[in-house]
2 protein chains.
Amino acid sequence: MGKVRENLAECSLPAALESMGERWAFLILRAAFNGLHHFEEFQQELGIARNILANRLARFVEHGIMERASVPEDRRKIVYNLTPKGSALLPTMVALRQWGERWETGEPAFPILVDVRDGRPIQEIAVLSHDGRKLTKHDMHWALPGDVPAEADAG
Amino acid sequence: MGKVRENLAECSLPAALESMGERWAFLILRAAFNGLHHFEEFQQELGIARNILANRLARFVEHGIMERASVPEDRRKIVYNLTPKGSALLPTMVALRQWGERWETGEPAFPILVDVRDGRPIQEIAVLSHDGRKLTKHDMHWALPGDVPAEADAG
DNA sequence: TTTGCGAGTTTCATTACAAAACTTATATGG
DNA sequence: CCATATAAGTTTTGTAATGAAACTCGCAAA
């Protein structure tokens, strides 16, 4: 991954950080992935200040990461559900968590994520080539669209 | 991924966010992956305030994400290099970038990451089962160490 | 020996975050 | 029907983080 000065600005990372770059964002997301749906649940689970939580949830809704709906049986209650866009953050969150496990807290973390089908732990998240080789930063570089051999995939 | 209230607190995500949860962290990291090494390079590339940049770089060094060294040929110059721990954030960063591409900016992002070996774009980052199936949040759940069938991997 | 660069600090203004109290709409029990 | 409780927020007020611009300090080059 050599030095590429050409339009780094157009990278989509800043756009992603617009939604996810604020404090608490990932922790609220994790709680949502763990099945929490209600304001008070998030608040008690995370210990976050109520105004900030309200703020973040509203932001998530604005950005299409969560959907807000009131429950018919009890109209005081509001449910927050992850949208497909929100659910699509799962790999990012798992990657960040795994990194923390490996480099911050040290190996064994509880609970661990397992495949529901066979109960075995998930793989470590990695950058893979089109044919499945694990890539490090030295094995890849930036390219402009014209340089790429036809079949497009993720970039 | 059902509701698991049992010790979410021990999840390593908060630890990871301790290093990476601050504003600019991922953008500085991206710049580093792109071969930037010097204070002024980061500053000009990102337009970040100098005091904040100094702060973040110092934090990265504290947390072992970057190494700080002065250049022998010109002892005014300082290089910041990613450590293995810092480089290990690549999958997380790529995952976040890909999410931004897909859901924020819309498909075509420039430049794109390609495999240096064949010039083809990298795969989309995903959560995979031990045998390589792509998993969604419905295909996995939390387990405690005792529940796991022997061969340990990442969790 | 002065001019300039690289890598930061300092100062001060602005903005984000946080704790606790308050509000509003709805439910529930007597 | 009235009192009390609950869910989901707002308001208020204080603290901490961020940002722009100017300043410092060590080295290097002319």
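So you know, we letter chains A, B, ... as the sequences are listed, proteins then strands, and number each from 1.
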For the pair made of [atom1] in [X] and [atom2] in [N], what is the distance, rounded to whole Å?
{"X": "A:N55", "N": "C:dA19", "atom1": "CG", "atom2": "P", "answer": "15 Å"}
{"X": "A:F42", "N": "D:dA7", "atom1": "CZ", "atom2": "P", "answer": "15 Å"}
{"X": "B:L17", "N": "C:dC17", "atom1": "CG", "atom2": "P", "answer": "14 Å"}
{"X": "A:E73", "N": "D:dA7", "atom1": "CD", "atom2": "C1'", "answer": "15 Å"}
{"X": "A:R59", "N": "D:dG9", "atom1": "CZ", "atom2": "P", "answer": "16 Å"}
{"X": "B:I52", "N": "D:dA17", "atom1": "CD1", "atom2": "C1'", "answer": "7 Å"}

Side chains of [X] and [Y] only: does a donor on one sit below 3.5 Å from an acceptor on the other?
{"X": "A:D115", "Y": "B:H141", "result": "no"}
{"X": "A:S19", "Y": "B:E104", "result": "yes"}
{"X": "B:S129", "Y": "A:Q123", "result": "no"}

Establish whether B:L17 and A:F42 are linked, either directly or via other cluster members, by ILVMFWY side-chain heavy-atom contacts under 4.5 Å.
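Cluster IDs for B:L17 and A:F42 match.
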
DNA chain C: 5'-proximal contact among A:V71 and A:I48 (nearest heavy atom):
A:I48

Is there a side-chain polar atom (N or O) of B:W24 under 4.0 Å from OP1 or OP2 of D:dT18?
no

Minimum side-chain heavy-atom gap B:V79-B:E67 below 4.5 Å
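Heavy-atom side-chain distance check fails, nothing below 4.5 Å.
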
Checking B:T83 side chain against B:G64 main chain: does a donor-acceptor pair fall under 3.5 Å?
yes

Going 5' to 3' through nucleotides 3-16 of chain C and flagging B where a protein heavy-atom sits under 4.0 Å of the base, S where only the sugar-phosphate is that close, and - otherwise, we get -BBSBBBBB----S

